[in-house]
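What you see is a predicted model; the values in this text were computed from it and never measured. Within every chain, numbering begins at 1; the chains are lettered A, B, ... in the order of the sequence lines, protein sequences first and strands thereafter.
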Amino acid sequence: MAYWLFKSEPDVWSWEQQVARGAAGEEWNGVRNYMARNNMRAMALGDQGFYYHSRSGLEVVGIVEVCATSHPDSTTDDPRWDCVDIRALRPLARPVTLEAIKADGRLSEMVLVKNSRLSVQPVTPAEWQIICELGGTTP
DNA sequence: GCCAACGTTGGC
DNA sequence: GCCAACGTTGGC
């Protein structure tokens with residue numbers, strides 16, 4: 001199983017809204033970036049991801065699971081853009097802030113730190129472990 | 001709200 | 001295929 005990180009501005013689509021969709025999940029649509037799309041195409045059913053609030057929030061707030069693999073993005077007719085569906089699994093006991101991530105030397109290679117503009121990004125098993133620890137949840 | 005960094009577009 | 005111009009993202 002692989003690990004990922006999904007970024008969303010809480011003003012646009014928040015963790016609370018994601019939780020409200022329940023087990024059915026929600027299409028992670030609207031991505032118009034090739035790298036982010038390629039990451040979604042590489043996802044398998046059951047892959048897990050962190051849910052990160054960008055712009056306002058700046059913290060990892062929960063854990064999601066891929067519940068549908070890559071398919072055409074329903075918000076466009078452009079065949080270039082695919083997306084997956086994700087559903088909320090559980091919140092972190094303590095949100096892990098960007099500040100805390102930057103302060104932890106073990107996380108200095110995270111894509112979140114190195115390329116803050118990429119909205120769907122891979123997370124290594126080691127990074128997953130550390131952030132779960134910081135967030136007070138079992139991986 | 002600002003602006004730096006980045007990705008995308010389009011003229012050449 | 002290059003690169004300037006433009007639009008968007010996201011931390012501050």
Side-chain angles (χ1 to χ4, degrees):
Chain A
M1 174 173 72
Y3 299 107
W4 310 94
L5 182 145
F6 297 86
K7 278 198 299 203
S8 180
E9 297 187 37
D11 296 345
V12 179
W13 185 259
S14 70
W15 169 251
E16 288 72 23
Q17 286 171 291
Q18 184 66 44
V19 169
R21 303 301 293 180
E26 180 77 14
E27 202 178 56
W28 197 254
N29 54 35
V31 171
R32 301 290 182 267
N33 170 283
Y34 292 109
M35 244 190 293
R37 182 208 62 187
N38 291 345
N39 287 333
M40 287 199 284
R41 285 183 174 175
M43 291 178 190
L45 271 186
D47 276 5
Q48 293 187 10
F50 289 128
Y51 197 98
Y52 176 81
H53 277 165
S54 67
R55 250 175 100 74
S56 61
L58 305 188
E59 55 190 13
V60 177
V61 290
I63 291 176
V64 296
E65 177 185 55
V66 175
C67 60
T69 51
S70 181
H71 57 81
D73 183 332
S74 70
T75 63
T76 177
D77 291 332
D78 192 326
R80 290 177 299 169
W81 305 119
D82 294 334
C83 65
V84 298
D85 291 7
I86 62 174
R87 64 178 169 221
L89 282 188
R90 61 184 186 277
L92 298 187
R94 294 183 301 274
V96 177
T97 63
L98 180 63
E99 196 184 6
I101 288 169
K102 284 184 169 171
D104 194 314
R106 298 171 297 172
L107 299 174
S108 60
E109 293 300 310
M110 265 193 89
V111 180
L112 191 67
V113 176
K114 294 236 146 179
N115 179 6
S116 63
R117 301 260 324 244
L118 186 59
S119 62
V120 178
Q121 46 182 266
V123 171
T124 69
E127 290 161 354
W128 185 266
Q129 181 80 32
I130 293 164
I131 289 177
C132 283
E133 234 168 67
L134 297 174
T137 188
T138 44

* Should the pair A:Asp73-A:Arg32 be classified as a salt bridge under the 4.0 Å nitrogen-to-oxygen rule? -> yes
* To do: List the protein contact pattern of nucleotides 6-12 of chain C with one symbol per nucleotide (5' to 3'): B for base contact, S for sugar-phosphate-only contact, - for none; contact means a heavy-atom distance under 4.0 Å.
  => -BBBBBS
* Asked: Is a donor on one side and an acceptor on the other found under 3.5 Å between the side chain of A:His71 and the backbone of A:Asp82?
  -> no
* Structure fact -> On a heavy-atom basis, the closest approach of A:Cys67 and A:Arg87 is CB-NH1, 3.7 Å
Only pairs under 3.5 Å count here: list side-chain donor-acceptor contacts from residues 54-62 of chain A, not counting sequence neighbours, and write none if there are none.
none

* **Pairs meeting criterion side-chain hydrogen bond (donor to acceptor under 3.5 Å, both in side chains) with involvement of residues 103-118 of chain A, two or more places apart** => A:Asp104-A:Arg106, A:Glu109-A:Lys114
